[in-house]
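Taking it in order: structure first as structure tokens, then the write-up.
Keep in mind it's a predicted model, so treat the numbers as computed, not measured. When a ligand or atom number is given, it counts from 1 through the structure's own listing order.
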Amino acid sequence: MKTLAVDIGGSGIKVIVLNEVGEAITERSRTETPNPAKPEPVLAEIVALVEKQGEFDRISVGFPGVVMSGVIKTAVNLDSDWVGFDLATVLSERLGKPVRVANDADIQGLGTIEGKGVELVVTLGTGFGSALFIDGKLVPNLEMGHHPFRKGETYEEQLGRAALDDIGKEKWNKRLEKAIATLQHLFNCDYIYLGGGNTKKITFELPTNVKIVPNMNGLLGGIALWKDY
Ligand code: BGC
């Protein structure tokens with residue numbers, strides 16, 4: 001049973017095929033996210049990438065917004081045309097395989113957590129993703145990114161890619177250090193995991209319970225969407 005894992009991001013779309021136990025068995029393919037990132041051009045890019053990946057039996061998709069039963073509810077960093085779009089059904093029709101869709105940070109978390117205690121996953125990319133797990137069980141639809149953080153701005157406004165480009169690495173690192181402390185005070189986490197492309201920009205020493213995790217986990221976690229199947 002082979003699973004095609006797809007990660008739709010604000011700047012790139014990535015795909016890979018996983019075996020039964022969730023190990024990668026193909027080379028990851030990546031392409032730039034189209035601009036504007038409306039459903040049709042994004043679907044066309046996925047279909048084109050998939051052609052290079054060979055055979056698979058089912059599909060897991062990580063999407064950068066709130067997803068409920070395969071339907072997109074928010075897509076702040078892509079395009080508002082996604083709201084209400086039944087991605088699971090449409091992609092399944094296009095590729096002829098069953099599809100499950102989840103939030104990108106949730107999938108990053110599913111590919112990362114130990115399954116014990118309070119574990120928080122934060123992704124630092126175009127947006128600010130968040131996923132909270134209690135003894136391995138996901139707290140659904142946590143959107144910390146759009147919650148107020150400081151100076152009248154949200155975590156995403158202060159720490160997303162636009163903020164990093166705007167304020168530079170040094171200030172962004174100071175903000176991130178404050179955000180980690182604030183989140184630790186709020187959730188009293190056993191672990192905080194930091195994923196996403198901008199973890200490369202981190203320059204300060206992280207607290208002992210905070211770890212940077214490979215971006216690849218955002219694809220590898222896709223296998224977990226099928227654990228009951
Ligand atoms: C979205 C989240 C997503 C995060 C990272 C945020 O803007 O609201 O759902 O996980 O970006 O892509």
Side-chain angles (χ1 to χ4, degrees), residues 5-15 30-39 42 45-46 60-88 100-113 119-133 138-150 153-166 172 175-176 179-180 183 187 192-202 212-222 224-225:
V6 181
D7 183 20
I8 304 174
S11 57
I13 300 172
K14 294 142 243 168
V15 302
R30 182 190 188 277
T31 191
E32 295 295 309
T33 304
N35 187 7
K38 292 184 181 291
V42 169
E45 292 294 348
I46 295 172
S60 293
V61 185
F63 186 88
V66 176
V67 184
M68 286 172 166
S69 306
V71 178
I72 305 308
K73 298 292 175 184
T74 71
V76 179
N77 292 307
L78 292 182
D79 190 280
S80 57
D81 281 9
W82 281 100
V83 178
F85 191 85
D86 188 345
L87 178 56
R100 291 187 179 178
V101 187
N103 173 264
D104 55 356
D106 292 355
I107 295 195
Q108 177 88 23
L110 292 165
T112 299
I113 54 159
E119 297 178 276
L120 177 70
V121 179
V122 166
T123 64
L124 300 166
T126 307
F128 182 104
S130 55
L132 182 67
F133 295 84
L138 177 70
V139 176
N141 310 332
L142 181 77
E143 284 280 311
M144 192 54 65
H146 305 294
H147 194 71
F149 168 39
R150 61 192 281 275
E153 289 191 341
T154 63
Y155 284 88
E156 184 160 301
E157 284 166 337
Q158 287 255 306
L159 288 160
R161 192 185 55 194
L164 174 60
D165 292 346
D166 188 32
W172 182 85
R175 286 184 182 178
L176 181 60
I180 291 169
L183 292 170
F187 293 115
I192 298 179
Y193 305 104
L194 305 177
N198 289 340
T199 52
K200 291 195 291 284
K201 308 273 161 109
I202 296 174
I212 295 176
V213 298
N215 218 8
M216 186 69 149
N217 292 7
L219 284 166
L220 298 180
L225 302 187

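From the protein, the heavy atom lying nearest to atom 12 (O) of ligand 1 is Asp104 OD2, 2.6 Å.
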Verdict with supporting geometry, Thr112 and Asn217, side-chain hydrogen bond (donor to acceptor under 3.5 Å, both in side chains)
CA-CA 6 Å; Thr112 299; Asn217 292 7; 2.9 Å; yes
Between Leu120 and Met144, does a side chain to side chain contact (heavy atoms under 4.5 Å, CB included) hold up when you go through it step by step?
CA-CA 11 Å; Leu120 177 70; Met144 192 54 65; over 6 Å; no
Please test Ile8 against Val61 for side chain to side chain contact (heavy atoms under 4.5 Å, CB included), starting from the C-alpha separation and ending with a verdict.
CA-CA 7 Å; Ile8 304 174; Val61 185; 3.8 Å; yes
For Phe63 and Leu78, run side chain to side chain contact (heavy atoms under 4.5 Å, CB included): C-alpha distance rounded to whole Å, both residues' side-chain angles, the deciding distance at 0.1 Å, then the answer.
CA-CA 10 Å; Phe63 186 88; Leu78 292 182; 3.5 Å; yes
Walk me through whether Glu143 and Asn103 qualify under side chain to side chain contact (heavy atoms under 4.5 Å, CB included).
CA-CA 10 Å; Glu143 284 280 311; Asn103 173 264; 3.9 Å; yes
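Heavy atoms of Gly65 come nearer than 4.0 angstrom to ligand 1 in at least one pair.
Take Ser60 and apply the side-chain hydrogen bond (donor to acceptor under 3.5 Å, both in side chains) test, not counting sequence neighbours, and it matches Trp226.
Close contacts between ligand 1 and Gly129 involve ligand atoms 4 (C), 5 (C), 10 (O) [criterion: under 4.0 Å to a heavy atom]. Within the listing of ligand 1, atoms 1 (C), 3 (C), 9 (O), 12 (O) sit less than 4.0 angstrom from a heavy atom of Pro64. Interface atoms of ligand 1 facing Phe128, defined by a heavy-atom separation under 4.0 Å, are 4 (C), 6 (C), 11 (O). The contact set between ligand 1 and Glu143, taken as ligand atoms under 4.0 Å from a residue heavy atom, comprises 1 (C), 2 (C), 8 (O), 9 (O). Counting atoms of ligand 1 from 1 in the listed order, those under 4.0 Å from a heavy atom of Asn103 are 2 (C), 3 (C), 9 (O), 10 (O). The ligand atoms of ligand 1 that sit less than 4.0 angstrom from a heavy atom of Glu156 are 6 (C), 7 (O), 11 (O).
The shortest N or O to N or O distance between Thr74 and ligand 1 is not under 3.5 Å. For ligand 1, the polar-atom distance check finds no N/O of Ser130 at less than 3.5 Å from any of the ligand's N/O atoms.
The proximity of Asn77 to ligand 1, defined as any non-hydrogen pair under 4.0 Å, is limited to the side chain.
A distance of 5.0 Å separates CH2 in Trp172 from CG in Leu124, rounded to the nearest 0.5 Å.
Note: Phe149 and Tyr155 have parallel aromatic rings, judged against thresholds of 30 and 60 degrees for the angle between ring planes.
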